[in-house]
Each structure stands twice: as structure tokens, then as C-alpha cells.
Amino acid sequence: MTKINKEILDGGYNPTKFEKGIYEKWEKSGYFNPDNLPDKESRTEKFNLVVPPPNVTGTLHMGHAAMLAIEDTAVRFERMRGKDVLWIPGSDSASIATQSKVERDISKNEGKSRHDLGREELLKRVNAFAVDSKATIFSQFRAMGASLDWSREAYTMDQKRNLAVVTAFKKMYDDGLIYKGNRIVNWDPKGQTTISDDEVVYKEEKTKLYYFKYGPFTISTARPETKFGDKYVVMHPEDKRYKEYKHGDKLKVEWINGEIEATIIKDEVIDMEFGTGVMTITPWHSKEDFEIAKRHNLNFEQVIDKYGKLLPMAEEFSGLKITDARSKIVEKLKSKNLVEKEEIYTHNIATAERSGGNIEPQIMEQWFIDVNKKIKDRNDKSLKELMLDAVSSKNILINPDRFEKTYFNWINNLHDWCISRQIWFGHRIPVWYKDGEVFCDVEAPEGSGWVQDEDTLDTWFSSALWTFSTLGWPENTLDLQKYHPTTLLETGYDILFFWIARMIMMSTYLLGEAPFKHVYLHGLVRDGKGQKMSKSIGNIIDPVDLIEKYGADAVRMSLMVGNAPGNDLKLSEDKVKGYKHFANKIWNATKFLEIKNVFDENVTEEIKKVEKDELILRELTDLVKEITFDLEKFNFHLASDKLYQFFWKRFADEIIEDSKIILNNLENKFSLEEINSRKSTLKILLETQLKLLHPFMPFVTEVIWSEFLGKEKMLMVTDWPKV
RNA sequence: GGGCGAUUAGCUCAGUUGGUAGAGCAACGCUUUUACACAGCGAAGGUCAGAGGUUCGAGUCCUCUAUCGCCCACCA
């Protein structure tokens, strides 16, 4: 039954006129929720995934838009194919990122720091900000057409997810996988917190390399300000230049603040080719030096405090910021005639991903996850081994598969994960102290006098639980039984380590199974020139602006076509414009068929086709096969382009053009049978293509299907064409 | 230092197990013909980075080289 709504025929396709209304119609139908899908009983195969939760730090960017376009396409395809489809929306508290954003705003607007406000007030502000951000982000999700089950919305800091976090922590604590220890960590003096190895970003910097006289040796350093405590002078055991010195020898040397006793250490890590082949070490403030000191059981001495200032052991330089101290110390050494030379060299300095501050390694007492400890319940495998096995056993398939190598390489270099953060916004560590007693549980202990650990957890700890925390774990819910492991995990390759690896870690450990079957990695969305989009360059394209200008379908298509997995995508506005034209083309082609009475009730699929039409329909069958195949293989970039080509070049430019002669039949050359055969063929062609196009361009296809053609069943839940 | 990727028409990129080079955009010519000028038709444009190899046949597989980009590790 078709009921053409002729009023909407006028003019071209205007996305803004329809998109909002269509999304509301979808959402009201309840079909985003698998519990409400038609023919529920026949949907025996499931397909589900969770959305990579965007940080509640503001608004969406094009990367999110690409993620939503790809995931929604997969979801709509599988839903139409009759699977039990669940796609869960959510957002991430992103502790450091969110707190520092709010802190910046408060500092700018009110001139206050977090300490002026206090923990409670700051958290109130951050939470309010998070609520706002969430609302903005989710309205953007809707604008993209994402068919998410909003009834299952999750947030990494809501009650259920919090229970998951503390439960996971407790179990790991009881299993001895989480420990508190004094270790060298990445301390960010600017952000006043530790960060994990993965949050360290190395930046190239030109700096001075100083050569100092250190007793009979010459040592080189880029960091004179750390050198006060350098009582150990290290050289390679094979270095013939220094064979007269024996390991453990002690000698007096004149140093920054007078004479000190130095000890000779021989260690093979020393590169004989670099500089003089001799160096002094600062075990408290350098990871490498720390390792050397540990190997030889040496003393550790702190030189720099957590604000980046020198400690009293620096005597006259005490209290100076390291940047100020550097030149002054060099001056003093010069006056003592201990500076041999200076040269400019380039090296990498460690900075904090979020705050941008320079990392100052420190030995601190922090919480860690032990990645090497054997786990009894898991066949005596370590977390590291569990992570390796999940991928090498092909339980998890990564697309593109070259990222497997990257993954293995990362795990092989993996060290214990520092999970405690000295910030306020986040999941507080569920450990309490009282008179030397330590208590870990999901809830505070009874009785008075217990004080909870001040630190919060690395935001990736809660993200790591995402595939099952969103399904209700630790409760054994129906959702958890039915939907875990999830089918697909789709995200950017830039968070392979941060997120994907950690999810595999937590899921294999806590649930004994992989968190997902397939991993699909998309690339970065860059601007038309291939530059990374960033605020400072000013080349950020806001997906919402593009949607308003060209429609969500056009934005989605431009993010699909040519976007091969794992490759970066260069996006120009012209490209989006091109797909707006395509939506218009679909619209106008439909309009033409309507004018030619192709949708008349007496034109049915059953009409006997003439030979030429049979051939055309065979082409269509081939197309259906190809598109289905491509979508099963997650080749969205191929499928989207093929549909575009077929509709425009084959269907519109050739088939419809040829049909004009038949339908107009000006010279009475065609029989009624031929005319009806063609009409029926055109109808099938259009309707089938609308179905195939729907996952990619849901709005325009749905508008045509249910508003224009007046179909009763929404296209969103119409059956995928038979292969 | 280790690893990965890219190099195909002016620009952006496809090219799934090797079988006579593709699309979009831009540019050029023609056409306002009642679906669409957000259009149609037409023409033009490439020794598939370079060298060597395997093969009847290579953009596609192998080796090397060059340029660009990314990731990891990091030298004091």
C-alpha cells in the first residue's frame, strides 16, 4: 500500500526540514532497544557493541562523527538483517581532562584555584559541567542519526559503573594484582599528579648539553639542576679508558657544593660511544638511573620536590625552580672551573599529555597493577599473557590486522600500570586506613576513625571495564549473559593501548573471556590538507555545523567513502557538499518515478518482466550480494562508494534515462506489458537501493520510504534484501 | 635505534585471491530537453615513486633504494 504525500514533493531535498522529526519517530518507536524489535523471537543471532564513550569535556569532533557513522551503519545493517541488535551509548568522566578543563575555566572566570574551592565544591562544579557536556554530546549523537538504545545509557561514574570499578579493584587487590609501592613514576608538576607511561608524550627539544669535570672524569648532562646528589659515577666494564678504576672504588671529587665522596659503578647499559662514556646518576629522578641504582643496591636521594623546586640538600639553591636553578648552577660550576664545554643538541623531553607540563620522574608511593604476576584462576597466566593470548589465539580479530603487531610490541614492553592519580575528580580508591591497618572493600568499613585513600583512579581503569560494566556487571544480569562478549569494538587506532588493550586485560581476567570478537580501527580525521585538526591551527570542522549546512546523511557518507580501516581520512567541505548533492539526487529520482506513476498500486513486483528488465534485476541482485559481502567484512568504504556509483551512474543516468523512452511511449512502440514490466523494475530498483542505502544515509532514505512513499513499516526495521 | 604505513589523473583517494588502469572533486567543450544546473552529454588527463626479481602476465607477490607520515623505545 503506498500513500504518496504529494505536498513534500516540491523542490529538492531539504535535510533540516526532516531530520529532527525522523529521529524522534525512530526513537519513539522503541526499535533502538532490542527488547522492542519486531519479530523478536526470530532474531536468534545477536550483534552488539558499546559506543566508545566520549569525554565529557565539551563537544564532539569529526573523529566522533566518523565513529558514529561507521557504528550506526553496521548497527542498522544488522538490525535490518534480522539480528538482535544492541548498541549502548555512554560517556566518560575522563578525570584529568575534565577536571583540568573546569579548573581552567574557574581560574579564568573567577581567578580561583581548586584549593580555594576545596574538594567538595570543585567536584560539584565538575559534575555540573559533566552533566551539561553530556547533554550537548548526546544531542549531537542524535543529530548524526545514531540508533542507540538510550534506555541503557551509561556513564563511567554513575552508580552501576562505580560498583563495577570498586568490585574490580577489590578482586585485584585480593588477588595481589594491585599493590601499593614505592617506585619511580611519571610525576607531572604542572598537573600535580602521576600519569601512566602511555600518557607521557615525548617532544623534541633543542637544549644545551654541558660537560662538567667530575674528579678525574668528564661527564655530560642536560640537567645540571639534578646533579647535587650524584654520588655514583658509572662506566662500562669493558671500557679500556677507565680500566684502572674498579667497581666500588671510592674517590673524593670537588662538586657543586664542595667536596663529596663518589663511588665507581660498572654497568653494561653505558654506551661507550656517547660523550666520554662516563655518567653520574640521579636515581630519584630518572627511570634509567633508578634501574641502575636498583641493580647495584645504591642509595636514593630526592633532589626536586613535587612542585619542581630544589630541596634543602641543594643548599644555596634550595627553593629555586629548576629552570631558574639551571643557569645559576652552571655559573657556579664555571666559577669553580669545572665546566669544560657546552654544546647544543636535540633530545626528547617527556611531557604530560593533558597538562603539557614537563614530566619530573619521582620515587613515590603509588598504586600499581602487576602485569607479570601469575594468576591462579587463570591457569597461572599473568595479565600480560592473558592479553597476548586473546589476540594470538585469534579469539579477537583486529582489522586492519597489521595492528596486531603493534599490539604485541606494546605488550612485550609493558611495565606495571600506575593507576593512582592525585586529582579529585574520578573514582576514589576503595581503600581505608586506620592505625596502620589497611582495609579494601567495595564499601567503607564500619566503625569510626577510618580514613579513605586520597587518590583517584586513572580514568582508563573504568574505561577498561566498559564492555561488561555497561551490561550490568558485577551483577549477573540477563544483558550480561546475552551480550557479552560483545560482537564489535569500533574506535580510533590512537587508543589501541589506552583502551583496547586494557579492556582485553580486564575482561580476560575478571570474566575469563575476550571483551569482543572484532576490533575495527578507523583513522584520524584530518582537514583537506592532511593537517591534524586542532584549535591552535584553527582548522577544526564542527560536525554540527556540517550537519546543519549539508545534512547528516551527507556528513555520514563523506566519512565513509574512501575511509579504509586504519587509514587517516582527509575531509574537505567539498566532499560533504558532493554527498548532499547525492541525497538530492535520490530525492529527485524518486520524484520522477512518482510522476511517471511507477508507484501505482497496480504496478506490483509480480508483474512478468521482459528480458531486458530481467537482466537489469540480475545486476541489482549482484549489487545486493556485493554490498552485503562488503558490510559483513566491515568494508564500509567500498560498499558506500559502490552504492553511490550504482545509483547515480547506472540507475539514474542510464536505466532511468532509457526508461523515459518506454514510459513516455511517444511513438506507441511499446506494449502495455513492456511498460508495466519497466515500471515494476524501476520500483524494485528504487526500493532495494533505499534499503541498501539506509545504513549509510538513514534520514533521506527513511523520509522517502515512510513519508514520501507512505510505507507503513519504517525502513529502519524493514528486511534487508534477500541475497 | 625498532616497527608500521603511504607514494596510482591537477587535488582527494579506490583498486578484496596477480589477468588489457578507476571514481569523486577541479579544469575544458557542448546542452537550459517537464526528476534533478545540487543536472546531463562529451572530450582531456596516469611509463601506478625508482631499480631489480618471480610469472605467460604485476598497481597487485619478493628484494633493495628514495621521499613523506605515524607509533614505540630512548643516550646521559
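Throughout, protein chains are lettered first and strands after them, A, B, ... in sequence-line order, and every chain is numbered starting at 1.
Between Glu632(A) atom CD and rU16(B) atom C1' the separation is 14 Å, expressed in whole Å. Rounded to whole Å, atom C1' of rU12(B) lies 10 Å from atom CG of Leu571(A). Atom C1' of nucleotide rC4(B) and atom CG of Leu521(A) are separated by 13 Å, given to the nearest angstrom. Distance, Phe403(A) CZ to rC71(B) C1': 9 Å, rounded to whole Å. Rounding to whole angstrom units, CG of residue Asn413(A) and C1' of rC71(B) are separated by 12 Å. Here the P atom of nucleotide rG1(B) and the CD atom of Glu273(A) are 13 Å apart, to the nearest Å. Put simply, CE on Met279(A) is 9 Å from P on rA76(B), counting in whole angstrom units. Going from atom CG of Leu524(A) over to atom C1' of rC70(B) covers 10 Å, rounded to whole Å.
Separation of the C1' atoms belonging to rG10(B) and rA26(B) is 8 Å when rounded to the nearest angstrom. Taking atom C1' on both nucleotides, rC13(B) is separated from rC75(B) by 41 Å, rounded to a whole Å. For rG18(B) and rG59(B), the C1' atoms lie 10 Å apart once the distance is rounded to whole Å. rA44(B) and rA27(B): their C1' atoms are spaced 10 Å apart (whole Å). rG46(B) and rC11(B): their P atoms are spaced 13 Å apart (whole Å). When the P atom is used for both rU17(B) and rC61(B), the distance is 8 Å, rounded to whole Å. Comparing rG15(B) with rA9(B), their P atoms are spaced 15 Å from each other, to the whole Å. Taking atom C1' on both rU63(B) and rC28(B), the two are 44 Å apart, rounded to the nearest angstrom.
Among rA73(B), rA35(B), rC75(B), the nucleotide with an atom closest to any side-chain atom of Tyr202(A) is rA73(B). Checking rA35(B), rA76(B), rU16(B) against the side-chain heavy atoms of Asp630(A) singles out rU16(B) as nearest. When distances run from any side-chain atom of Ala589(A) to the nucleotides rA76(B), rC71(B), rA35(B), the shortest one goes to rA35(B). Comparing rC74(B), rA35(B), rC72(B) against the side chain of Asn348(A) picks out rC74(B) as the nearest. The side chain of Ala564(A) lies closest to rA14(B) when the candidates are rA14(B), rA35(B), rC72(B). Proximity note for His637(A) (side chain, C-beta onward) versus rU16(B), rG15(B), rG40(B): the nearest is rG15(B).
Side-chain atoms of Asp197(A) and His415(A) form no donor-acceptor pair, as typed in the model, at a separation below 3.5 Å. Checked by atom type, the side-chain pair Asp230(A)/Trp255(A) shows no donor-acceptor distance below 3.5 Å. Using a 3.5 Å distance cut-off with no hydrogens or angles, the side chains of Asp458(A) and Trp417(A) do pair a donor with an acceptor.
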Would you tabulate the side-chain donor-acceptor contacts of residues 400-407 of chain A under 3.5 Å, counting partners in other chains and residues two or more places apart, or write 'none'?
unit_1	atom_1	unit_2	atom_2	d
Arg402(A)	NH2	Asn567(A)	OD1	3.2
Glu404(A)	OE1	Lys394(A)	NZ	3.2
Tyr407(A)	OH	Met387(A)	O	2.9

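For a distance-only test at 3.5 Å, the side chain of Asn584(A) fails to qualify as a donor-acceptor partner of the base of rC36(B). For rA73(B), its base never sits under 3.5 Å from the side chain of Lys287(A) at any donor and acceptor pair.
Scanning both residues, Asp553(A) and Glu19(A), for their nearest heavy atoms gives N-OE2, 4.0 Å. Of all heavy-atom pairs between Pro695(A) and Arg556(A), the closest is O-NH2, 2.8 Å.
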Next on the checklist: Within the 4.0 Å limit for protein heavy atoms, which parts of nucleotides 22-33 of chain B are touched? Write it as a string from 5' to 3', B for base, S for sugar-phosphate only, - for none.
Outcome noted: -SS---------
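Base pairing in RNA chain B gives the following stems of 3 or more Watson-Crick or G-U pairs, range against range and under 3.5 Å: B:1-7 with B:66-72, B:10-13 with B:22-25, B:28-31 with B:39-42, B:49-53 with B:61-65.
Applying the 4.0 Å criterion to OP1 and OP2 of rC13(B), one finds that Lys570(A) has a side-chain N or O inside that range. Checking the phosphate oxygens (OP1, OP2) of rA35(B), a side-chain nitrogen or oxygen of Lys660(A) falls inside 4.0 Å. Contact annotation: His347(A) does not reach the phosphate of rC74(B) (side-chain N/O to OP1 or OP2, under 4.0 Å). Close to rC70(B), at under 4.0 Å from its OP1 or OP2, lies no side-chain N or O of Tyr493(A). An OP1 or OP2 oxygen of rC4(B) is reached within less than 4.0 angstrom by a side-chain nitrogen or oxygen of Lys405(A). In terms of phosphate contacts, Lys580(A) brings no side-chain nitrogen or oxygen within less than 4.0 Å of OP1 or OP2 of rC36(B). Not one side-chain nitrogen or oxygen of Tyr211(A) sits closer than 4.0 Å to the OP1 or OP2 atom of rA76(B).
Contact annotation for Ile270(A): base contact, defined as any heavy-atom pair under 4.0 Å involving a base atom. Residue-level contact check: Tyr13(A) touches neither bases nor backbone, having no heavy atom under 4.0 Å from any strand. Residue contacts shown for Glu657(A) include a base, since a base heavy atom lies under 4.0 Å away. At the heavy-atom level, Ala583(A) lies nowhere under 4.0 Å from the strands shown. Among the protein residues, Asn567(A) comes within range of the sugar-phosphate backbone only, with heavy atoms under 4.0 Å from sugar or phosphate atoms but none that close to a base. Within the nucleic acid shown, Asp289(A) has no heavy atom closer than 4.0 Å to any nucleic acid atom.
Lys577(A) NZ: 12 or fewer foreign heavy atoms inside a 6.0 Å radius. At most 12 heavy atoms of other shown residues, nucleotides or ligands fall within 6.0 angstrom of atom NZ in Lys633(A).
The nearest heavy atom of RNA chain B to Thr221(A) and to Val200(A) marks one nucleotide each, and the one closer to the 5' end goes with Val200(A).
Geometric assessment of Lys266(A) against the ring of Tyr242(A) yields a negative cation-pi assignment under the 6.0 Å and 45° thresholds.
The structure places NE2 of His285(A) at 12.5 Å from CH2 of Trp187(A), a figure rounded to the nearest 0.5 Å.
With hydrogens and angles ignored, the 3.5 Å screen pairs a side-chain donor or acceptor of Thr221(A) with a backbone N or O of Arg223(A).
The aromatic rings of Tyr644(A) and Tyr579(A) stand perpendicular to each other, their planes meeting at an angle above 60°, with 30° marking the opposite boundary. Between Phe582(A) and Phe647(A), the angle of the ring planes goes over 60°, which puts this pair in the perpendicular group of the 30/60° scheme.
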